[in-house]
Amino acid sequence: ESLVSARVRLAALLADELRSAGHWFFSARSAIVKPRIGWVWLSPAPAFLGANRPRSRWLSQLTIEDTIRGRGWNRALLNATERYLTGIGVEQLWLRVYDWNVAARSLYEAQGYELIERFANDSHLRKVLS
């Protein structure tokens, strides 16, 4: 039953329908370690950003393979993502981080992300890229 439920909820992702809706998916690779180190999912900025929306993106997911975590790859992938976005004219990168994800919160704070709104279990953060 849970497998059927998961397939229904991920149908758009599995059918690659999100790409045509402005979502971008990147695979991170390295010549130093195993070929794929992780991946990034960038989404269109949500409507609540208002006037800032056209020059903003939402970081939906940044993932590093379990076996190579803790070696600086998260920071490297985040930096590469920010450079890419700056190069195509994106001015702000927004994200949501859960309170329990201490490692991610620490990374984003160290990389200059600012707290925009705090909720019961998570926060919205933003970094001005240009």
Carefully, step by step, assess Lys127 and Leu95 under the rule side-chain contact (heavy atoms from CB on, under 4.5 Å). CA-CA 9 Å; Lys127 184 172 183 180; Leu95 59 91; over 6 Å; no
[X] to [Y] - nearest heavy-atom pair and separation:
| X | Y | value |
| --- | --- | --- |
| Trp41 | Ser43 | NE1-OG, 3.2 Å |
| Leu42 | Val40 | CG-CG1, 3.9 Å |
| Trp73 | Ser30 | CH2-OG, 3.3 Å |
| Glu114 | Val128 | OE2-CG2, 4.4 Å |
| Ser56 | Ala45 | O-CB, 3.6 Å |
| Ser123 | Leu115 | CB-CD1, 3.5 Å |

If you round to the nearest 0.5 Å, how far is [atom2] of [Y] from [atom1] of [X]?
| X | Y | atom1 | atom2 | value |
| --- | --- | --- | --- | --- |
| Phe119 | Asp99 | CZ | CG | 11.0 Å |
| Asn74 | Asn79 | CG | CG | 11.0 Å |
| Tyr84 | Leu93 | OH | CG | 12.5 Å |
| His124 | Phe48 | NE2 | CZ | 4.5 Å |
| Ser60 | Phe25 | OG | CZ | 7.5 Å |
| Asn101 | Tyr108 | CG | OH | 7.5 Å |

Side chains of Thr63 and Gln61, donor plus acceptor under 3.5 Å: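 Short answer, yes.
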So Tyr98 and Trp100, would you call those rings parallel, tilted or perpendicular, with 30° and 60° as cut-offs?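 Judged by the thresholds at 30° and 60°, the geometry between Tyr98 and Trp100 is parallel.
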Between the main-chain N or O of Leu77 and the side-chain N or O of Thr81, is there a donor-acceptor pair closer than 3.5 Å?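 Yes.
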Take Trp58 and His23 through the test ring pair (Phe, Tyr, Trp, His ring centres under 6.0 Å) and record every step on the way to the result. CA-CA 9 Å; Trp58 188 270; His23 295 257; over 10 Å; no
If we only count heavy atoms from C-beta on, is the [X] to [Y] side-chain gap below 4.5 Å?
| X | Y | result |
| --- | --- | --- |
| Asp122 | Glu117 | no |
| Ile116 | Trp94 | yes |
| Ile64 | Arg75 | no |

Which residue in the set Arg83, Glu82, Glu91, Arg57 passes side-chain contact (heavy atoms from CB on, under 4.5 Å) when paired with Leu129? Glu82
Going through the distances and angles, do Leu49 and Arg55 end up as a side-chain contact (heavy atoms from CB on, under 4.5 Å)? CA-CA 10 Å; Leu49 294 183; Arg55 294 266 187 215; over 6 Å; no
With a sphere of 6.0 Å drawn around CD of Glu109, does it hold more than 12 non-hydrogen atoms of other residues, nucleotides or ligands?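 At most 12 heavy atoms, drawn from other residues, nucleotides or ligands, come within 6.0 Å of this atom.
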